[in-house]
Structure formats: structure tokens, C-alpha cells
Protein chains: 4
Amino acid sequence: MMAVVKTSAAPGAEIREVAVPSPGPGEVLLRVLRAGVCGTDLHIWSWDRWSQGRIRPPVTLGHEFVGEIVELGNDVTTPALGDRVSCESHIVCHHCIACRTGNAHVCENTRILGVDVNGGFAEYVTVPAVNCWRVPAGISLEVAAVMEPCGNAVHTAFSGPLSGCSIAVTGCGPIGLFAIGVARAAGAAHVFASDVSPYRLELARSMHADAVVDVRSESLAERVSELTNGRMLDGVLEMSGHPSAVRDGLGALRMGGRMSMLGLPTEPFELDWNRLVIFKGITVHGIIGRRMYDTWFQMDQLLSSGRLDLRPAITHVMPMERFDEAIALLRDARAGKVVLVPWGQTS
Amino acid sequence: MMAVVKTSAAPGAEIREVAVPSPGPGEVLLRVLRAGVCGTDLHIWSWDRWSQGRIRPPVTLGHEFVGEIVELGNDVTTPALGDRVSCESHIVCHHCIACRTGNAHVCENTRILGVDVNGGFAEYVTVPAVNCWRVPAGISLEVAAVMEPCGNAVHTAFSGPLSGCSIAVTGCGPIGLFAIGVARAAGAAHVFASDVSPYRLELARSMHADAVVDVRSESLAERVSELTNGRMLDGVLEMSGHPSAVRDGLGALRMGGRMSMLGLPTEPFELDWNRLVIFKGITVHGIIGRRMYDTWFQMDQLLSSGRLDLRPAITHVMPMERFDEAIALLRDARAGKVVLVPWGQTS
Amino acid sequence: MMAVVKTSAAPGAEIREVAVPSPGPGEVLLRVLRAGVCGTDLHIWSWDRWSQGRIRPPVTLGHEFVGEIVELGNDVTTPALGDRVSCESHIVCHHCIACRTGNAHVCENTRILGVDVNGGFAEYVTVPAVNCWRVPAGISLEVAAVMEPCGNAVHTAFSGPLSGCSIAVTGCGPIGLFAIGVARAAGAAHVFASDVSPYRLELARSMHADAVVDVRSESLAERVSELTNGRMLDGVLEMSGHPSAVRDGLGALRMGGRMSMLGLPTEPFELDWNRLVIFKGITVHGIIGRRMYDTWFQMDQLLSSGRLDLRPAITHVMPMERFDEAIALLRDARAGKVVLVPWGQTS
Amino acid sequence: MMAVVKTSAAPGAEIREVAVPSPGPGEVLLRVLRAGVCGTDLHIWSWDRWSQGRIRPPVTLGHEFVGEIVELGNDVTTPALGDRVSCESHIVCHHCIACRTGNAHVCENTRILGVDVNGGFAEYVTVPAVNCWRVPAGISLEVAAVMEPCGNAVHTAFSGPLSGCSIAVTGCGPIGLFAIGVARAAGAAHVFASDVSPYRLELARSMHADAVVDVRSESLAERVSELTNGRMLDGVLEMSGHPSAVRDGLGALRMGGRMSMLGLPTEPFELDWNRLVIFKGITVHGIIGRRMYDTWFQMDQLLSSGRLDLRPAITHVMPMERFDEAIALLRDARAGKVVLVPWGQTS
């Protein structure tokens with residue numbers, strides 16, 4: 001079969017033919033139908049410092065995908081052959097304290113599809129049966145392909161109050177765009193979005209942000225104050241990893257508000273803890289992955305009810321063999337979410 | 001001034017002239033602009049057993065209203081003269097443990113406007129300044145008049161998870177109708193409504209219930225199972241006080257779901273606790289009043305953002321002097337919410 | 001091997017020789033070291049209505065036990081041969097929504113050891129590896145044997161606030177006795193216990209209840225009012241299943257308190273919902289089983305730190321072959337917890 | 001009367017005669033019985049940058065005290081003449097959103113006794129009646145005097161799970177010492193304490209810390225790993241404000257743990273957010289003041305039940321006229337909590 005493989009400890013990735021994998025006990029074999037490209041894929045392609053420390057080539061990339069089950073490993077009773085499933089990318093140990101107390105998203109022994117083990121940028125992929133989530137009725141393959149990153153948005157949003165709240169999303173990359181839709185669908189009264197890219201802010205508008213803030217020229221706190229009559233924000237969903245976005249977000253929170261941080265800073269950074277966190281009685285949540293599988297259940301409800309529509313954030317659908325082109329779109333910030341179509345399929 | 005007064009320990013109420021009240025320290029005088037009629041007013045009018053034990057005539061009725069502040073008592077710094085305010089009807093002691101720990105809605109010393117002290121079915125009324133909530137921008141006087149009962153719906157809905165949830169409202173009187181709108185605005189993925197009255201179920205549809213269930217001919221659990229593909233309900237907002245609605249609601253909950261009970265049963269009733277509560281791991285919330293003033297803040301956000309529109313549930317607006325007619329509409333279940341316009345004002 | 005087997009659809013149980021079981025994939029074989037006798041065993045022995053509907057003889061009884069791992073089934077990587085483990089008795093499906101969202105304790109497909117499949121009143125028993133919990137350091141085999149019912153107490157207690165709270169335990173059977181210790185160890189400021197048996201109230205004292213109430217002669221609400229200077233209870237842990245205990249407990253709660261119900265009523269019963277639940281803003285929790293495995297983790301912490309000592313509640317340790325005698329002690333309320341020692345071992 | 005007054009914008013404080021204040025409406029006059037000295041008093045005495053920006057001399061110092069009510073202002077119905085009360089030091093506006101939604105501890109208009117208005121280092125002081133908390137039965141005047149800082153410890157500890165948890169307190173000044181006692185009384189399974197001062201670590205032992213860690217020579221994470229068999233901490237109560245304590249504390253938390261920060265850093269500082277917060281799924285709480293009055297209720301329960309004993313942390317009781325000496329003890333870290341006795345009283 002064809003696959004996008006990180007073949008060596010250097011920038012780039014290679015499209016090559018590899019053997020179709022065979023599902024082990026508790027695993028299923030999927031024919032991949034669609035796959036999403038993530039910023040992490042760009043990091044691996046670029047062979048940045050994080051990648052150099054983590055990736056052990058050769059590995060097939062791709063951790064966001066939907067597929068059809070075409071073979072069951074031993075002991076698999078569910079899901080069934082022919083089911084269309086979207087996949088949780090974190091393969092967890094089921095034995096550590098985190099796993100045993102409902103916190104598998106912070107399992108210390110996590111291995112990630114497309115990072116630590118072969119992923120879904122290929123015609124076929126094996127995944128643990130337990131990592132499969134049946135695709136909700138009524139959504140497109142493209143949307144089904146990006147439930148994994150959408151789950152990051154749901155996890156971040158649902159880590160604090162949403163109903164009736166004023167929420168800002170700082171950073172309008174794909175997960176930020178999804179978070180705008182999630183916060184609205186989940187009952188936030190006002191959803192604001194900030195970024196430095198007019199292109200991304202336009203996408204934020206298309207996801208129905210109530211207002212967008214270009215922080216190159218506007219103060220987030222000032223705009224929020226105007227928009228909320230001085231009430232400020234109940235919550236910030238931090239998707240950028242930028243120190244200034246974190247500080248701006250904290251500054252725009254009301255006393256007692258919450259900041260949920262998913263975006264990964266590239267370096268340690270400094271904070272005026274007294275003014276921004278302690279005196280304000282702020283709660284800061286570090287967020288990683290998706291709650292297994294509460295997040296998937298919540299996301300399924302939002303998607304299958306039609307309350308949440310991710311399509312405006314999916315700006316490109318292209319053949320998987322044009323992976324390098326997809327990477328270039330991401331690198332140049334000329335895309336929202338890019339979805340890939342495997343060989344021999346048409347979108 | 002003119003007022004609707006319970007003058008004697010017998011059925012009925014009297015429209016009569018009374019003195020304009022004077023605000024004491026910490027109080028304000030309101031010119032009443034609109035007032036809502038509640039089932040409680042019907043109980044008092046009918047002089048049922050509860051009324052006989054609680055009401056001490058003469059008392060001016062009316063505990064749901066909006067007014068304009070026309071005079072400030074001593075020590076009142078906020079709100080200001082001229083402000084339009086909707087009113088919390090529970091006057092609390094501020095000294096008991098409940099009051100001192102953020103639970104004033106269950107203050108043991110609560111006195112209620114229009115029940116224990118003179119209320120808002122009059123041209124003027126005095127209320128504690130702290131009970132006033134500035135009317136959110138952009139809503140009508142009729143909607144502002146019914147924020148108190150809408151607050152019951154908000155309190156009930158917000159007592160458990162809503163975002164992405166499947167919720168049923170059992171009982172589609174005015175508060176049930178409001179609750180449908182609240183649950184939707186607050187991010188429930190599916191909102192179902194049940195009742196025995198086709199008129200009320202039609203109003204439920206107009207509040208955008210995703211499905212309505214006529215429990216005279218349909219099983220709530222069966223319909224919910226169909227509508228949710230067997231997932232059943234995450235929560236029930238019980239607004240009827242009927243034993244069968246409580247049992248049906250518990251039966252339609254998923255394992256681990258929640259039942260929030262605001263409706264008041266007329267008599268004690270029996271439950272199969274093992275099957276309906278214990279084996280299912282259900283949480284039952286008894287709900288009374290509105291959280292002071294978290295509920296008002298949440299409601300303000302939902303109303304001022306336009307996410308929540310109560311107007312379809314307000315079926316009648318009529319002069320206050322036609323109070324007896326309003327009572328007849330309620331008694332005969334020919335109305336959703338009825339709003340009254342005081343003397344000398346036009347709607 | 002020898003085992004206590006329910007051999008026929010009639011009262012009683014039989015001690016007989018049966019084959020040593022073999023662990024299937026994902027299972028382990030335990031040599032049983034100690035086992036606790038539960039009220040459920042008495043129900044099965046007596047062949048009551050519940051048993052008639054549930055039990056399919058022949059089945060080896062016993063769902064509370066500790067053992068040493070002597071054989072591993074396929075695919076078992078943890079725990080290890082030689083480990084001493086106490087066992088969760090609920091075998092769950094891992095596939096239903098409850099299981100997938102951290103609520104396996106209300107899995108709809110639960111099978112129970114010693115009820116639906118062969119249990120631990122035997123020399124050997126097979127259990128899923130995932131149901132094993134390594135015995136905390138420093139506790140006796142007798143205590144390790146009763147972690148399953150102690151987990152019921154922990155689950156009930158931890159379903160609401162404990163730290164600094166005034167808590168009552170209604171019903172001082174073994175789980176009630178454990179709950180007294182749990183509530184104290186977990187930081188309740190005052191722990192009261194009620195029952196109708198002087199023998200059990202004496203055991204409650206030995207578990208360090210701050211006060212005991214004999215509800216044959218005393219009013220729970222009155223005594224609680226005296227003991228708390230009128231503050232009343234923050235929470236009730238209901239362990240009796242008696243309607244009067246539920247009503248008394250609700251009556252002794254403060255406004256806004258919580259009632260956690262584990263005890264199983266024998267029949268449906270009636271409640272004055274308005275007075276006892278709704279007007280007071282009470283939260284009622286239906287409790288079943290143990291959270292998997294949060295409850296076990298919490299219990300492990302309490303036991304291994306020495307904060308919780310269950311020994312005063314374990315009144316009898318006797319050979320397993322004297323099972324009928326143990327049943328008689330329970331039936332006559334002449335015991336706290338009874339622990340059995342399998343054949344060929346000495347206590 | 002005599003008082004300790006900050007008389008000028010310079011280091012030091014002056015003991016001088018001032019007029020006995022008169023209680024305004026809603027206020028009471030207290031005869032001060034005991035008062036605690038706080039690090040904030042040292043800051044004001046030293047006239048540091050914070051003091052220069054905040055303090056407007058002349059002002060009587062002292063924000064921790066207990067007194068007897070000797071005069072009631074207008075409109076005061078409770079507490080009563082002769083009551084002994086300990087005082088909440090935050091005078092809040094009751095009008096802002098924080099105040100109206102149960103979060104008065106982050107009221108934006110807070111004025112603090114002994115900082116913004118005259119405080120309790122005097123023979124008499126006026127305070128709002130609502131700020132008074134009746135002294136729990138059975139505790140000494142010295143303990144009653146320090147309920148305000150103990151409330152900081154309670155607020156910090158109760159901002160996350162405690163029952164059955166492994167908790168570390170970083171920083172063993174007076175509030176850290178109180179927090180050790182609070183965490184134990186509130187049901188933590190293990191309470192560890194860290195500091196750099198052998199004197200303070202000895203006081204931590206006297207408050208019954210299960211282990212103390214001298215972070216000059218030991219790694220907190222390593223010691224915690226040993227003490228918990230690798231389970232690490234469920235929570236950190238950060239009382240020092242030192243960047244290294246924050247980092248050490250985060251590093252010693254288990255995945256998904258919580259860090260509650262009360263200590264005030266003197267400068268902004270840097271954090272490796274990815275490694276310490278985001279990848280670990282940590283929740284960080286900024287803590288200020290005491291929840292009004294949930295914290296006081298919880299503290300009252302812990303103190304009046306005898307579960308919490310603060311006495312080992314109170315190392316000095318001395319006449320108020322020796323205030324400069326008390327300041328010197330604090331400055332040189334030769335004291336735990338210092339309590340002052342006003343003129344004309346004996347301890």
C-alpha cells in the first residue's frame with residue numbers, strides 16, 4: 001500500500017510503498033477514508049527539536065483519520081466489520097493510576113498514532129479497537145476525519161463553565177476555529193476570537209464568532225470590555241501557545257474566571273502571577289488530548305445534533321499524495337484544516 | 001393607587017385602592033411596568049390548603065414584575081433612580097448559614113413578595129434594593145416581567161450538565177416552556193418536552209423543543225430511546241409535580257443521569273428507589289427559587305445575547321384590572337404565561 | 001478444591017468439591033486467602049425473591065475476597081504472579097456509554113462475582129486481571145478481604161463534600177460501620193450514627209462515631225440539632241434501606257445538604273418531596289458499587305496511611321466450612337463483618 | 001485609646017493615642033482582645049514598594065483580631081452586644097458581579113482593615129457587622145485572633161480535593177503551618193511540608209506534617225516519590241511565593257493534580273508550561289482572601305470539633321506595645337505566628 005512515511009532523521013517525508021499491516025489482538029485494520037493534517041505533522045516534517053527527541057524513523061505519519069473496519073484482530077467484539085470509525089490517537093496503558101481513575105488522557109505511557117507508532121497517512125492502518133468511535137450520523141467524511149483535533153477543542157472548552165458564559169478563543173488555527181464552534185454549540189452566550197492573521201480571523205467569522213479581535217492593532221482586554229459592558233470574560237480557550245496571548249487572555253478575564261491552555265509555547269515564559277492569576281482568583285487548566293471517552297461522547301452529541309458544524313474550518317481537501325503541498329499551506333498559514341484523500345479514492 | 005389585593009380568607013381577590021408605599025432603609029419604590037401571573041397566584045386566588053396556612057390577608061399579590069425606580073430609601077446607592085429593574089421575589093435574612101454560604105435561595109427566613117409581603121400587582125411596590133436586577137439590554141418589558149419564573153427554569157437547568165446533553169422537560173407550563181428555551185440556549189444537544197395537553201405541547205414546539213411527547217398516548221422512555229438511539233437522557237427538568245412524570249423521567253434517564261425537580265407534588269408519593277434511583281446511580285436535585293444572584297447573571301447573559309427568546313411562551317398580555325380573567329385562563333390551561341399591564345399604561 | 005456452592009433453587013448452600021478453574025485470556029487465578037460474608041449472601045442463602053430472579057445455580061458464592069495470584073491467563077501483564085490482590089466484584093463490559101465515560105459502576109452489562117459467575121468462597125477463583133487491586137501495605141488479610149464492601153462506603157461518602165462536614169450514617173451494618181470510619185478519616189468534622197440495635201450502636205462507637213442515636217427512642221433530627229447547635233447535617237450516608245431512616249435523614253439535613261443512598265429498600269416507599277427534598281434544596285445520590293477505580297485508589301490511600309482502621313467492625317473470623325454458622329450470625333444481627341478462612345489455612 | 005499607627009510615608013510605625021472610633025450604620029465597635037501580626041504588617045512597617053503604592057497614612061494597622069462587641073451601629077441586628085467575634089478583614093462592595101455571585105473574595109472594590117481603613121492593633125476598632133464571625137466554642141483567644149490567616153489556609157486547601165489525598169505545603173510561614181493542620185484535619189491521607197528553614201520545618205513537624213523536606217538539600221519530587229511509592233502528589237498548597245517552590249511543587253504533582261497558589265511572588269517569573277502544566281493536565285488555582293463566608297463556616301467546623309489545633313504554630317504572645325519587637329521576630333524568621341495583647345489586658 002502507499003503511505004506517507006518519515007523515513008529518516010531529516011526534514012521532509014516520503015511517499016512510498018509499505019506492507020499492509022495486520023491487526024494484533026484487540027486491534028482492527030482500517031481502510032483509511034480521510035485524514036487531517038496537523039501542526040504536529042509540520043513539526044515532524046520540519047524535523048524540529050521536539051521531533052528529533054521523539055520520532056524514531058521510519059514511521060508512517062497521520063494521527064487524525066476516519067476509516068472503515070476491514071479486519072478484526074483476536075478478541076475484538078466491537079466495533080464491527082464495515083463500521084466507519086474515527087480514531088482516538090492516544091494509545092494508553094490502562095494500568096497506571098491515571099488510566100485507572102478516568103484520566104487516561106494523561107497516561108504516562110501514552111503512545112501516539114503517527115508519532116510513536118504507524119499512523120493514518122496510508123491506505124490502511126491498525127488501531128486498538130478501543131480507540132475507535134463510530135462516526136455520528138449525518139456528518140461528512142471530512143468532518144469525521146478531524147474529530148481527533150476537534151476533540152482537543154471540546155476537551156479545552158468543557159474543562160470549565162460554558163453555558164451562558166462569555167468566552168474568548170485566543171489563536172485561530174484549526175483547533176481554535178473548532179473551539180469557536182464548540183463554545184457556541186455548547187451554549188456560550190458570547191464567543192470572541194483573537195489572532196494576528198486576517199485570513200484566520202475571517203475563518204473565525206465564518207465559524208460564527210460573535211466578534212473577532214486583531215491583536216496586532218487592538219487590545220483584547222479593551223475590546224472585551226466594550227463587548228461585555230465591562231463584565232469581561234468567564235473563560236479563555238488558549239490555542240496559540242503565544243506568551244502574549246496567555247497574558248492578554250488572563251488580563252481579559254473577570255475576577256474568578258478560567259484559562260484553559262491547550263496551545264504549546266515554544267519556550268518557557270514569564271507571568272506576573274500576582275496581577276494576572278492570584279489577585280484575580282483565576283483557575284488555569286493545562287489541557288492535553290481528549291478525555292477518554294467523555295470528550296468523544298460530548299463531541300458526538302454536538303455533531304450528530306447538528307449544533308456543531310466544522311465545515312467552514314476545513315478549507316482544503318486534496319489527495320494524500322500531495323502531502324508536501326498540504327505542509328506548505330500550513331507552514332505559510334494559508335489554510336484552516338487540510339484533509340487528505342488516500343490513493344484511489346475521490347472526494 | 002390601584003392594586004390586586006387578597007382581602008380575606010376566602011377564594012378570590014379584590015381590585016381596590018390602597019396607599020402608595022414608602023421605601024424603608026435599603027429599599028426602593030418601583031412604578032410597576034409589567035407583572036406576570038403565576039400558578040401560585042391561582043393557588044392563592046383559589047384559597048387552597050397551602051394558601052390557608054401561609055397567607056395573612058390583606059396582602060397585595062404579584063411576585064413577578066418589572067418596574068422603574070422612582071424613589072430611593074435611605075442608604076441605597078445602587079440601583080439608581082430611573083433604572084428599569086426586574087425583581088428577585090425572595091427577601092432573605094442575610095444572617096443564616098444558608099445566606100452566609102452562597103445559598104440564600106434556601107434561606108430559612110425567606111419572605112416572598114406578593115405572598116408574605118405586598119407584591120407587584122399594583123401601580124407601585126417597594127422592594128429591597130438588593131433584590132433589583134437591571135433589565136438586560138434589548139428585551140421587551142413583557143420578557144423583563146417574567147425573569148423571576150424564568151430564573152426558576154435557569155436554576156433548574158443549570159443545576160447539572162447541559163452542554164452537549166440530551167435533556168427532557170417534563171411539564172410544559174410557563175416555567176417548563178422557559179426551561180425548553182433555556183436548555184437549548186445553554187447548549188443542550190437535544191431538548192425534548194412532555195405534557196398531557198396538546199395546547200401546551202404546541203407551545204413547547206414554538207419554544208423549539210426538538211421533539212414533544214404526549215404522555216397520554218406515548219411512553220416517554222420509548223420515545224426517548226428512539227430519539228437518542230438508545231442513549232437515553234442525561235438530564236430531566238421536572239416542572240409538573242406529577243408522580244408519573246417523575247417516574248417517567250427517571251425511567252428515561254441514562255445510568256448516572258440527573259433529575260432536577262422544581263415542580264411541587266400536591267401529595268407525598270411513592271418511588272421504586274432501587275430500580276429508578278439507586279441501581280441507576282441517579283442524582284436528584286430539589287430546586288427552589290433562584291441562586292442569588294448567579295442565576296440572574298446567567299439569565300442576563302442568555303437574554304441579552306439573544307440566545308434565549310421567551311416571547312413564544314408569553315401568550316397573553318392584558319390589563320391588570322382583568323386579573324380574574326387571567327386567573328381563569330390559567331385555571332383552564334388556556335394560556336402559557338400571562339402578563340399584566342398596570343392601570344394607566346398601554347402595552 | 002472445596003467451595004461454598006449454591007447448588008439448587010432453594011434455601012441453603014452446599015459445601016462441595018469442585019474443579020479448580022482455569023484463567024481465560026485477561027484473567028488470573030487466585031488462591032483465596034480470606035473472604036467476607038455479605039448481606040447479599042444471606043439473601044441468596046435464604047433464596048428470597050431477588051435471588052430467585054437473579055441466581056442461576058450452580059454458582060460458587062462470595063464476592064468479597066483477597067487472594068494470591070497463582071496463574072496468569074493469556075495477555076495478562078499486570079498484576080504479577082505472587083501479588084496479593086483484593087478484588088472488584090463487578091465485571092463490566094468496557095463498551096457501553098457508562099463504561100466509556102468513567103462510569104463503569106453503572107455498566108448495564110455488569111456481571112457480579114459470586115452472583116452471576118463463580119465467586120471467592122472457595123480455595124481458588126478466577127477474576128479478570130483488571131479487577132485486581134494490589135493490597136495496600138500494612139493492612140491485615142482480614143481487612144484486605146473486605147475492601148469491596150468498604151469501597152461501597154467510600155463511594156457513598158465521597159459522592160459529596162466530607163471535609164469539615166457534619167455527617168450521619170443511618171444504619172450500622174458492616175458497610176455503615178465502615179462508612180463511619182471512612183467519613184472520619186476523610187475529614188468530616190462530626191460523624192453521627194443511627195440504628196435500632198444496641199449491639200450495632202456499640203460497634204459504631206468502636207468505629208469512633210462522635211455520637212450514636214438509637215432511633216427506637218430518640219429523634220434523629222432533635223439529637224442532631226443538639227449536637228450541631230442547630231446547624232444540622234451537611235450529609236447523610238444512608239446504609240439501611242429503611243424508609244424511616246431515609247425520611248429521618250432528610251429531616252436532619254441542613255438546607256442544601258446531600259443524601260447519598262446505598263441501602264436497598266425492600267419495597268417502593270413514599271416521601272413528602274416538597275418538605276424533605278424540594279423546599280430544602282437537597283441533592284439525593286443513588287449509589288451502587290464502587291467507582292472503577294477511583295474509589296479503590298481513595299480507599300488505598302486511607303488504608304495505607306493508617307487513617308482508616310476497619311478492624312473494630314470485623315467481629316468474627318472463622319473457617320469457610322462454617323459458612324452456615326456465619327449466615328446465622330448475620331441473620332440474627334449478632335455480627336459486624338464476618339470473614340472466612342478457606343480450607344487448609346489458619347487465621 | 002492606644003493604637004499602632006502608620007503615621008508617615010516612611011519605615012516604622014508609631015504607638016500613639018487616638019480617638020476611640022464610633023460605629024456607623026451597619027457597623028459594630030469591638031474592644032480588641034487579641035490580634036495577630038502578619039507578613040503584610042512587616043511590608044507596611046518596612047515601607048516597601050507595595051506599601052508605598054497602597055497605604056495612605058495615618059492608618060491604624062492590624063487585620064487579624066478577635067474582639068468583644070461593645071457598641072452597635074444603626075441597623076445592626078446581629079451579632080449582639082457582648083459577643084466575641086473574629087473578623088473577616090475584607091470589606092466588600094456587595095454590588096459588583098463578584099459580590100453578587102458568591103465570589104466576594106475577589107470583589108474589585110475591596111478595602112482591607114488595617115491597610116485601607118483603620119484596623120485592630122488598637123484598644124478598639126469598628127468593623128461592618130457582616131464581617132464578624134462568632135468565635136467557635138472551646139478555642140482560645142489566641143487561636144480566635146488568627147482565624148483570618150487560618151482562613152487563607154482553609155480557602156487554599158479547600159480549593160481542590162483533600163479527602164484521601166497526598167498534599168504538600170510549600171512554605172512553612174504561619175499560613176503554611178496552619179495549612180498543614182487544615183489539610184490533616186480535612187482528611188488528607190499524607191501531608192508533607194517543605195521549606196528552607198530548619199526552625200520552620202520543626203514547627204511543621206509540631207503541626208503533624210507526615211514528613212518535612214528541606215529543599216536546600218533535598219529534591220521535593222524525589223522525596224515525594226519515595227514517600228508515595230511513585231504516586232506523587234494530588235495537590236500542592238503553595239504558601240511561599242518562591243518561583244522554585246512553584247516549580248518544585250508542579251514537578252512533584254501527579255498527572256492531573258492541582259496547585260493552589262496563595263503565596264505572592266515578589267517578581268514575575270518564568271515557567272516551563274509544557275512540561276509542568278500542559279502535558280501533565282494540571283489545574284492551577286490563584287487564591288486570595290477567604291470565601292465569604294463558606295471558608296469561615298468550614299474553619300469553624302474544623303476548630304470547634306477539635307480536629308484542627310493551631311496552637312503549635314503560635315509561637316509568641318506579647319503586649320501590643322512591643323509591636324516593633326514582633327516585627328523584628330518576623331523579619332528574622334524567628335517566629336511562627338505572633339499574637340499581640342492590647343493595653344491593659346493580660347494573656
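The analysis underlying the following values was restricted to heavy atoms, covering all of them including side chains, and did not include hydrogens, waters or symmetry mates. What you are looking at is a predicted structure, and each value in this text was computed from that prediction instead of being measured. Each chain gets a letter, A, B and so on, in the order the sequences are listed, and its residues count up from 1.
C:Leu276 does not touch chain B: none of its heavy atoms, backbone or side chain, sits under 4.5 Å away. For B:Ile97, the part sitting under 4.5 Å from any heavy atom of chain C is the side chain, from C-beta outward, and nothing else. With a 4.5 angstrom heavy-atom cutoff, C:Arg275 does not touch chain B via any of its atoms. For C:Ile287, the part lying under 4.5 angstrom from a heavy atom of chain B is the backbone only.
Between chain B and the residues C:Asn103, C:Val246, C:Ile282, C:Asn274, the largest count of heavy-atom pairs under 4.5 Å involves C:Asn274. Across B:Pro243, B:Gly281, B:Pro265, B:Ala98, the residue that shares the most heavy-atom pairs under 4.5 angstrom with chain C is B:Pro265. When each of C:Leu262, C:Val277, C:Thr110 is checked for heavy-atom pairs under 4.5 Å with chain B, C:Val277 comes out on top.
For the atom pair CZ (B:Arg258) and OG1 (C:Thr283), the distance works out to 11.0 Å, reported to the nearest 0.5 Å. Considering CG of C:Asp272 and CD of B:Glu267, their distance stands at 9.0 Å, rounded to 0.5 Å. Rounded to the nearest 0.5 Å, atoms CD1 (B:Ile288) and CE (C:Met255) are 7.0 Å apart. Rounding to the nearest 0.5 angstrom, the gap separating the SG atom in C:Cys96 from the CZ atom in B:Arg254 is 11.0 Å.
Remark: C:Glu222 CD is loosely packed, at most 12 non-hydrogen atoms of other residues, nucleotides or ligands lying under 6.0 Å away. Within 6.0 Å of CD in B:Glu108 there are 12 or fewer heavy atoms belonging to other residues, nucleotides or ligands. Heavy-atom contacts from other residues, nucleotides or ligands closer than 6.0 Å to CD of C:Glu270 number more than 12.
Here the side chains of C:Phe279 and B:Leu264 are in contact, with some heavy-atom distance below 4.5 Å.
Annotation: ring-ring contact (aromatic ring centres under 6.0 Å, His included) contacts involving residues 242-273 of chain B, sequence neighbours excluded, comprise B:Phe269-C:Trp273, B:Trp273-C:Phe269, B:Trp273-C:Trp273.
The side-chain hydrogen bond (donor to acceptor under 3.5 Å, both in side chains) search around C:Ser240 returns C:Glu238, not counting sequence neighbours.
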